[in-house]
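Structure first, commentary second.
Residue numbers start from 1 in every chain, and the chains themselves are labelled A, B, ... in the order their sequence lines are given, proteins ahead of strands.
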Number of protein chains: 4
Amino acid sequence: MIRLREERKSKWNSLMKEGLHQAVVKVLTEQGLSGLTMERVAKEAGIAKGTLYLYFQDKEELLQSAVQSSMEPLEQELDKILDSELSPNQKLEAIVQQSLSYFEANRNFFRVFLNPEFTGPRMNREGKDRHRRLVASVAQVFKEGVERGHFRPLPDLKAAGVFVMGCAAMIQARLWEETPPPLAEDAQLFLDIFFQGVAEEGAKR
Amino acid sequence: MIRLREERKSKWNSLMKEGLHQAVVKVLTEQGLSGLTMERVAKEAGIAKGTLYLYFQDKEELLQSAVQSSMEPLEQELDKILDSELSPNQKLEAIVQQSLSYFEANRNFFRVFLNPEFTGPRMNREGKDRHRRLVASVAQVFKEGVERGHFRPLPDLKAAGVFVMGCAAMIQARLWEETPPPLAEDAQLFLDIFFQGVAEEGAKR
Amino acid sequence: MIRLREERKSKWNSLMKEGLHQAVVKVLTEQGLSGLTMERVAKEAGIAKGTLYLYFQDKEELLQSAVQSSMEPLEQELDKILDSELSPNQKLEAIVQQSLSYFEANRNFFRVFLNPEFTGPRMNREGKDRHRRLVASVAQVFKEGVERGHFRPLPDLKAAGVFVMGCAAMIQARLWEETPPPLAEDAQLFLDIFFQGVAEEGAKR
Amino acid sequence: MIRLREERKSKWNSLMKEGLHQAVVKVLTEQGLSGLTMERVAKEAGIAKGTLYLYFQDKEELLQSAVQSSMEPLEQELDKILDSELSPNQKLEAIVQQSLSYFEANRNFFRVFLNPEFTGPRMNREGKDRHRRLVASVAQVFKEGVERGHFRPLPDLKAAGVFVMGCAAMIQARLWEETPPPLAEDAQLFLDIFFQGVAEEGAKR
DNA sequence: CATGAATGAGGATTCATTCAT
DNA sequence: TATGAATGAATCCTCATTCAT
């Protein structure tokens, strides 16, 4: 009995939080970070200001939570790819495609979200951690690729860094563009450059 | 007579603005974007709060102006490189080095500055324009390189985009790192990957 | 039948209120007046916030009631003393001892409670009444003492006032002290001074 | 030149603060501690809310300052008495009179101010310190009186405590009374009791 | 030109109280 | 009866901007 009620409560709580995350994203998207006020989030969510504080300790936690929940799906996708049986090349390919398409789907939000000083030091740490984790994972993939003879023996962490950064840069560029080209195209181009380089065969040193 | 006075006035005005820009950068660097108040800028510059409004319409304009003036030296350097007699390869090399070292020298400031929603829509437009101009310039270099047989015939704007973005990503990564490796190393690594790709010779498709 | 149910209901009601009073005292003691929230009282009592409103109209009434109920035991003790067959001196002695020990036992609570503006005008009236009643009672004792030749013929209400106030002051002093001396000692000292005065025999005018 | 301006500024500042203290006292008197809001103080003083923060860091400092400034005149009077050439008896007499008349003149304010948990721990410490200092001073007077043979050899700190407390109690009683008797009368009565005690000559043990 | 005191809109947060379940 | 989620008025404090000197 009690068990059931607890469960329902918890479910409701999750739903509520999810709704609030969306409200945050909406406000963030429409008004920017500096336009993100508790008042507006509440109004957007159709609840009272005070109610926000039933679900989140304060503004920071609300923001934290919204961002975290926004990144989760992508992170799970990437984890799935990293744990899969694909070859290193295929993994990197899949990562690029997933990332680009995910960010593409959330253009406006991430335009704001990809902001280093988003919400003070705590957030920064979180953000950095996320980035580091991803780079480390990709480095693993790269190392494997080197061992299998797919990649040149470049420093794996560095190469992974360039990969992740390049990919992020591509995403950011797409966010800046008003009418970006088809996603797959950019993905392919980036992979081509990352794998083959831009230099002409004969011109290679 | 009047002419002279006008001129002196204008010069004084410029000097003043320059000083205020520096004050903005200092405050921004030390206190972050959310710590940037007119009060602090004024105190840092050693003038009164009200005086700021004699030189700038409002906070936004002050910030705009400061950022613009912070980017100028780099942009001039890059223009010099682009207009030089260097080979395309050398130009790209120089661009990477200049950019990295410039941002490196202003780490803390740009950590804040590289913030998309920095100061509302006006800034965004400015930022986008800057980026486009740079990409266009690099595209020119790339096109020349293709014509001279240095680079593979890839779409020049796209390749330039990847180049600029990758470079920017590298910069951002360095901004995130607490103790980044020697600058030249990262520059070289990036160029190597951009030129040669990561794929092993034999593995190339 | 109905009568019985009514009675049981009333008893339950009383018990509940008693528990809530204790919760109020606990919270007040631990968190101070400004830390007294309905939420905390409810949690302390192990009930829901809304339930408080089934027993008390609002926060003020709850507080009133708790304070009133906290003072009752002492007042009954004092009434017993006043109605007893003790001599005036002994009565005063007993009053001092009872008061000191009672407040001593509830140090922390009364540290908060001895606050004139505790809860608005209603409380003040209550408090004043309490004080007046006590002074009047003591005045009776004093008058009796004068009649019996124990005390000098001073204005009884005034002397009673000094007595009560001095006693209250002693209590307050003890509340302020972090490690007050043994209770009996202060009680004795106060009575000594009140009865004999501080002046040296020979120096008396 | 600059010196003069500085001076005038400082003077203005003091005047302003003084005015704000008065506003605090007024609001406190009329609305009680819980009715003391920055908004009301500002309105009472005829300035904007924000202006308060030009003179005081926050609410606590404002309150602190108002209280301190309200106590200062009395404290100076008492210091003067303590440092004078009067005999111990006369000093105590003077203290009682000064205190009673001072508090009498500020009845309403002190009705609120004599509140132990006035504004959190900092205030408490201040309040306690004030009380301790006064008790210590009076103890000195008392000790001197004992040495000169005016007073019985009672523990000086304790006796001083009773004196101060009794006096404070008298004050508080007067604050509670709606139409207190002439001040001098109460002062004399208190001194009489404190010096001679209430016991009848013959009844003394 | 320069000043800096004054302003007041705006934002985060708390908490007594209500009411649907 | 009991609950506790929801409310929103109230409060403290910040800071861009103005304006009298």
Side-chain angles (χ1 to χ4, degrees), chain A residues 2 5 8-9 12-13 16 31 34-43 45-63, chain B residues 9 12-13 16 34-43 45-63, chain C residues 9 12-13 16 34-43 45-63, chain D residues 2 5-6 8-9 12-13 16 34-43 45-63:
Chain A
I2 287 180
R5 201 185 302 179
R8 204 180 311 161
K9 197 166 78 175
W12 170 254
N13 199 280
M16 193 65 168
Q31 317 257 359
S34 62
L36 183 78
T37 70
M38 297 303 264
E39 178 100 46
R40 281 206 258 260
V41 172
K43 181 176 279 182
I47 62 172
K49 225 181 329 180
T51 309
L52 285 176
Y53 290 87
L54 296 182
Y55 295 91
F56 302 96
Q57 200 99 55
D58 54 21
K59 193 184 178 184
E60 179 161 344
E61 195 191 299
L62 169 59
L63 194 42
Chain B
K9 201 162 77 176
W12 171 252
N13 200 280
M16 194 64 171
S34 64
L36 184 79
T37 68
M38 297 303 263
E39 178 91 48
R40 281 205 258 258
V41 172
K43 179 179 271 183
I47 62 171
K49 223 184 329 181
T51 311
L52 285 175
Y53 290 85
L54 298 180
Y55 295 92
F56 301 95
Q57 199 96 55
D58 54 19
K59 194 185 179 185
E60 179 163 342
E61 195 191 302
L62 168 60
L63 195 42
Chain C
K9 200 162 78 175
W12 171 252
N13 200 279
M16 193 65 170
S34 63
L36 184 79
T37 68
M38 297 303 264
E39 177 90 49
R40 281 205 258 259
V41 172
K43 178 179 273 183
I47 62 170
K49 223 184 328 181
T51 310
L52 286 175
Y53 290 84
L54 296 181
Y55 294 92
F56 301 96
Q57 198 97 54
D58 54 20
K59 194 184 178 184
E60 180 162 342
E61 195 191 302
L62 168 59
L63 196 41
Chain D
I2 287 180
R5 201 184 303 177
E6 286 290 313
R8 204 179 311 159
K9 198 166 78 176
W12 170 254
N13 200 280
M16 192 67 169
S34 63
L36 183 79
T37 70
M38 297 303 264
E39 179 98 47
R40 280 206 258 261
V41 172
K43 182 177 277 181
I47 61 172
K49 223 184 329 179
T51 309
L52 285 175
Y53 292 86
L54 296 182
Y55 295 93
F56 302 97
Q57 201 97 56
D58 53 20
K59 194 184 177 183
E60 179 161 344
E61 195 191 300
L62 169 59
L63 194 42

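- Heavy-atom nearest nucleotides on DNA chain F were determined for A:Met16 and for B:Gly50, and the one closer to the 5' end corresponds to A:Met16.
- Under the Watson-Crick or G-U wobble criterion, with both distances below 3.5 Å, E:dT3 is paired with F:dA20.
- Minimum atom distance to the side chain of B:Trp12 is reached by E:dC1, of the listed F:dC13, E:dC1, F:dT7.
- If you check every strand for non-hydrogen atoms under 4.0 Å, D:Tyr55 touches sugar and phosphate atoms only.
- With rounding to whole Å, A:Glu39 atom CD is found 17 Å from F:dT11 atom P.
- As rounded to whole Å, 15 Å separates atom P of E:dT18 from atom NZ of C:Lys59.
- Candidate nucleotides E:dT17, F:dC12, E:dA12 were compared by shortest atom distance to the side chain of C:Tyr53, and E:dT17 ranks first.
- One interatomic measurement links the two molecules: CZ of A:Phe56 to C1' of E:dT14, which rounds to 18 Å at whole-angstrom precision.
- A 4.5 Å side-chain heavy-atom check between D:Thr51 and D:Met16 finds at least one atom pair inside the cut-off.
- Using a 4.0 Å heavy-atom cutoff across all strands shown, B:Leu36 reaches sugar-phosphate atoms only and no base atom.
- C:Arg40 has its CZ atom 11 Å from the P atom of E:dT14, to the nearest Å.
- The distance between atom NZ of C:Lys43 and atom C1' of E:dC15, rounded to the nearest whole Å, is 14 Å.
- To the nearest 0.5 Å, atom CD1 of residue D:Ile47 and atom CG of residue D:Leu52 are 4.5 Å apart.
- A 4.5 Å side-chain heavy-atom check between B:Leu36 and B:Lys59 finds at least one atom pair inside the cut-off.
- Rounding to the nearest 0.5 Å places CG of C:Leu63 at 10.5 Å from CZ of C:Phe56.
- In the set E:dA6, F:dC12, E:dA2, F:dC12 carries the atom at the smallest distance from any side-chain atom of D:Lys49.
- Toward the 5' end of DNA chain E, the nearer of the two residues D:Ile47 and A:Gln57, judged by each one's closest nucleotide, is D:Ile47.
- Residue D:Leu52 is out of contact with every strand shown, counting any heavy-atom pair closer than 4.0 Å.
- Side chain of A:Leu54, nearest nucleotide from F:dA5, E:dA12, F:dT3: F:dA5.
- Atom CE in A:Met38 sits 10.0 Å away from atom NZ in A:Lys49 (nearest 0.5 Å).
- Of the two residues contacting DNA chain E, namely A:Met38 and D:Gly46, the nearest-nucleotide position lying further toward the 5' end is that of D:Gly46.
- Candidate nucleotides E:dA16, E:dT3, E:dA9 were compared by shortest atom distance to the side chain of C:Thr37, and E:dA16 ranks first.
- Put simply, D:Thr51 has a side-chain N or O that comes within less than 4.0 Å of OP1 or OP2 on E:dT7.
- Side-chain atoms of B:Ala48 lie closest to E:dG4 of the nucleotides F:dC13, E:dG4, F:dT3.
- Spacing between atom CG of A:Asp58 and atom P of E:dA12 amounts to 11 Å, rounded to whole angstrom units.
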